[in-house]
Amino acid sequence: MLGQQWRRIVIKVGSALIAPENKGCSTRYLLAIARFISECRQRGIEVILVSSGSVAAGRSAIAFSHQPVPVHIKQAMASVGQYQMMQRWQSLLDCHCGQLLLTHDDFHNRRRYLNIENTLRTLLSHQVLPIINENDSVATAELKLGDNDNLAALVATAVDANVLIICSDIDGLFSANPRSNPAARFIAEVDCISPEIFAMAGGSHHSVGTGGMVTKLQAAQKASQQGIDTLIVNGQKPAVFEALLQGKAAGTLFHRQQERISAKKHWLLHSLKAQGTLRLDAGAVTALQHQGASLLAKGITAVQGQFEKGDAVLLCDQHGQPVAKGTSQFHASELHQIKGLHSQQITAQLGYCGREEVVHRDDLVLLSASEAAAQSAG
Ligand code: GLU
């Protein structure tokens, strides 16, 4: 898959490469990455860059020494750092760069999602390099995508890329955390992102960026389900980029799956964040999994979280294991009142006539074991 077959690639660069050691924006690792981007473009490959690091790059400009750093201070840091980071990329690249700052809402709302697609396609058709980050200065915690690994996968899907390259400060996926376990084995290729693969990632987190290996696996899963090959590479090593340009292997390659899942299922699974959880009885789980049924209030035993009508919720079995995800037709407070009731009793309980299904079959996706693991980790 390397080199020759690349048509459109999304490259995600992590904060640890943009602002190593939190001392503002640095060219240390970006030079080799910029050279790689230029070379790809020279060869006619379209490139979209997802660049983290606004908060890390702006950290030195805003004096604040206490931990944890509150949200409004991070937002101020991001405002300074985003600008510096864009300047840095522009100074390293000969082409025009265009900035897109996105929030979770932009992916949640179908119309805005289509706008993202259109803007990116237009930029690419004019040979502009789109540089994307989350809009960290305005996104509040509940509206955040949270990490740019997942953002990059959503972008790769939106622009129909065929390769996603996640540049990190680690060589790729290991069987355990190599920083704490010397016996950790490097994994060069992954065909299927199983729960065992997620287990390898453990809770590895980085001190500079937001994501860890878990968010990279979530991104690889999202992308590979859309027919996109995903690479996790060490962006600190220029040799990695030279190897890729020569069509040689580097990092961990997650092979694309042959079958693409439907756009709606993908949107439900990956663009919508679950705002709550519904615990179901065994009968409801069987009906969902084996009878193609919708979820009725009768099968709900517990309701967790604050969610509105239309928000996504995870549907879990008696043991708390997620089995499906879908959009609720009721507000959380309504579900507290009607859980366990037969459909005929709902109107009497609420005082008005609601929908019969709590989650309609058309607005629901069943989760495989690995998708359930990704949703729980998220
Ligand atoms: N959007 C954040 C930033 O630019 C980083 C998120 C991440 O590290 O994945 O600072």
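Only heavy atoms go into these numbers, but all of them, side chains included; no hydrogens, no water, no symmetry mates. Quick caveat, the model's predicted, so the values are computed rather than measured. Whatever order the structure lists ligands and atoms in, that order sets their numbers, starting from 1.
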Salt bridge check: are R43 and E39 linked by an N-O gap of less than 4.0 Å? yes
Which class fits the ring pair F186 and F174: parallel under 30°, tilted 30 to 60°, perpendicular over 60°? perpendicular
Test of proximity, G53 against ligand 1: N or O pairs below 3.5 Å: yes
Within the structure, does N148 bring an N/O atom to less than 3.5 angstrom of an N/O atom in ligand 1? yes
For ligand 1, is S15 a contact, meaning one of its heavy atoms is under 4.0 Å away? yes
Modelled atom types, side-chain donor and acceptor of N133 and N148, under 3.5 Å: yes
Without hydrogens or angle criteria, can the side chains of Q226 and Q257 be said to hold a donor-acceptor pair below 3.5 Å? no
Any side-chain donor-acceptor pair under 3.5 Å between Q218 and N150? yes
Below 3.5 Å, N or O to N or O, backbone or side chain included: is there any such pair between S51 and ligand 1? no
Is there a polar contact between ligand 1 and D136, counting only N or O atoms under 3.5 Å apart? yes
For ligand 1, which is the ligand I care about here, please tell me if D147 has any N or O atom under 3.5 Å from one of the ligand's N or O atoms. no
